[in-house]
Amino acid sequence: AQCGKNTEAADLFRQMRLKGIKPDVASWNALIAGHAQHGNGEAARQTFEQMQHEGFKPNTYSWNARIAGYVEHGEFQKAVELYGVMLQEGVQLDVSTYNAMIAGYSQHGSMDETLKLVKEMYRVGLKPDTSTWTAVLSGFARLGQKEEALRLCQEMEQSGIELNSTVWNAMIAGLTQNGHLLLAYDVFQHMQRSGPKPNAASWTALISGFAQNGHVATGLELMRQMKERGLVPDVATWTILVAGYAHEGSLESSLELFSQMQQEGIKPDVIAWTSLIGGYAKNGLLKEALNLIEKMQKEGVEP
RNA sequence: CCCUUACGGUUU
């Protein structure tokens with residue numbers, strides 16, 4: 001279900017019942033989560049209905065899975081509605097329910113609502129965890145409210161909340177998305193000195209900041225440093241640089257990097273190919289773009 | 001116990 005093979009999951013579910021094994025709530029939830037995580041909110045809803053017809057009452061996990069699915073796939077309004085129904089029906093909320101909603105509000109830049117929910121968590125006796133704070137922090141950082149973001153970091157440290165790599169990464173990513181490149185770089189260096197070891201996502205967030213703001217060469221240099229520290233750039237890291245060159249019209253460099261990525265054993269996915277092809281298409285080289293699409297398909301990647 | 005929540009790439 002988590003791999004998006006919902007038909008196969010449903011099949012297994014059927015076989016399970018044919019063999020006389022009764023699915024429990026967790027089995028139903030796995031199906032719901034599979035649909036929800038892959039953007040199929042409607043199928044998730046149907047499964048949710050179906051389980052009720054068969055006498056199972058959805059639990060907090062069932063509701064959370066659907067809400068989180070809507071948030072992750074940009075259907076936040078539906079998440080809000082479902083959350084409303086959940087409240088009406090008196091279903092017990094847990095930290096994950098709040099975290100999903102907080103992530104949604106924060107992603108939409110509604111920081112007032114975000115903080116309101118955090119307060120509410122305390123009021124109902126739930127303790128915000130690292131995920132909660134990461135979501136809040138990420139919102140401030142993306143909005144470019146760096147003072148709030150940095151203050152929140154300090155408060156987290158003082159409250160004894162572990163600043164794991166996702167917290168640092170959220171900060172770095174948010175800042176770079178706002179063009180605060182040097183501050184992001186400062187935070188990154190701070191992380192290297194006194195935080196967890198930067199992982200691929202940390203480096204990639206930083207690299208994207210430079211590459212997407214006209215500093216592709218700096219991005220390349222950072223990737224070199226990343227390798228030097230023993231990390232292997234993955235397809236996301238390479239794609240940023242391929243896209244960076246494609247975007248500035250340096251098609252040869254773009255293609256060269258793309259080939260280098262393949263030589264280093266990274267298999268380009270549809271996003272990597274699209275980044276490369278986009279460069280040709282936007283520069284009016286349609287024939288080359290079409291050829292690349294063909295080549296992509298020959299290598300087993302579907303547009 | 002298994003199922004839900006936070007961080008990076010293309011089209012955005």
Side-chain angles (χ1 to χ4, degrees), chain A residues 1-2 9 23-37 44 47 51 58-72 74 79 86 93-104 106-107 117 121 126 128-139 141-142 161-177 184 188 191 196 198-209 211-212 219 223 226 233-244 246-247 254 261 266 268-279 281-282 303:
Chain A
Q2 287 187 354
D24 61 8
V25 180
S27 326
W28 284 100
N29 286 349
L31 279 185
I32 293 171
H35 286 124
Q37 281 168 17
T47 309
M51 84 185 270
N59 63 13
T60 302
Y61 281 175
S62 330
W63 291 85
N64 287 355
R66 290 187 61 200
I67 290 178
Y70 284 135
V71 171
E72 193 182 337
M86 197 177 173
L93 308 186
D94 68 4
V95 174
S96 297
T97 319
Y98 278 100
N99 284 355
M101 292 303 296
I102 285 170
S106 166
Q107 279 164 24
L117 280 183
M121 284 179 84
L126 291 173
D129 62 9
T130 304
S131 301
T132 319
W133 293 118
T134 307
V136 178
L137 178 68
S138 173
R142 269 193 303 257
I161 293 163
E162 186 211 347
L163 297 190
N164 63 20
S165 46
T166 49
V167 180
W168 288 90
N169 292 355
M171 184 78 174
I172 294 164
L175 291 173
T176 59
Q177 281 163 28
F188 182 82
M191 180 183 186
N199 59 20
S202 330
W203 283 94
T204 305
L206 188 66
I207 290 170
S208 78
Q212 289 172 358
M223 183 167 79
M226 175 181 178
D234 63 13
V235 65
T237 318
W238 285 97
T239 301
I240 290 165
L241 297 167
V242 168
H247 190 76
S254 179
M261 164 175 76
I266 308 291
D269 59 12
V270 67
I271 300 182
W273 281 100
T274 305
S275 307
L276 176 71
I277 294 166
K282 284 176 196 150

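All values below come from the heavy atoms of this structure, side chains included, with hydrogens, waters and symmetry mates left out. Proteins come first, then strands; the chains are lettered A, B, ... in the order of their sequence lines, and each starts at number 1.
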Using whole Å, report how far [atom1] of [X] lies from [atom2] of [N].
X	N	atom1	atom2	value
A/I32	B/U5	CD1	C1'	16 Å
A/D24	B/C1	CG	P	14 Å
A/W63	B/U5	CH2	P	17 Å
A/N99	B/U5	CG	P	10 Å
A/L126	B/U5	CG	P	17 Å
A/H35	B/U4	NE2	C1'	16 Å

Of all residues at least two apart in sequence or in a different chain, which pass the side chain to side chain donor-acceptor pair (under 3.5 Å) check with A/S208?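 With sequence neighbours excluded, A/S208 shows a side chain to side chain donor-acceptor pair (under 3.5 Å) to no residue whatsoever.
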Same-atom distance (C1') from B/G8 to B/U12, integer angstrom: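 Between the two C1' atoms, the distance is 16 Å.
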If we ignore angles and hydrogens, is there a donor and acceptor under 3.5 Å between the side chains of A/D129 and A/T132?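 Short answer, yes.
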So, A/T166 and A/N169: side-chain donor and acceptor under 3.5 Å apart, yes or no?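 No, no side-chain donor-acceptor pair sits under 3.5 Å.
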Please report the shortest heavy-atom distance between A/A141 and A/M171, naming the atom on each side.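 So the two residues come closest at CB-O, 4.1 Å.
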For residues 28-37 of chain A, tabulate all N or O donor-acceptor pairs below 3.5 Å that involve a side-chain atom, not counting sequence neighbours.
residue: A/N29; atom: OD1; partner: A/S62; partner atom: OG; Å: 2.7
residue: A/N29; atom: ND2; partner: A/N59; partner atom: OD1; Å: 3.1
residue: A/H35; atom: ND1; partner: A/L31; partner atom: O; Å: 3.2

Quick one: what's the B/S/- string for nucleotides 7-12 of chain B, heavy-atom cutoff under 4.0 Å, read 5' to 3'? BBBBS-
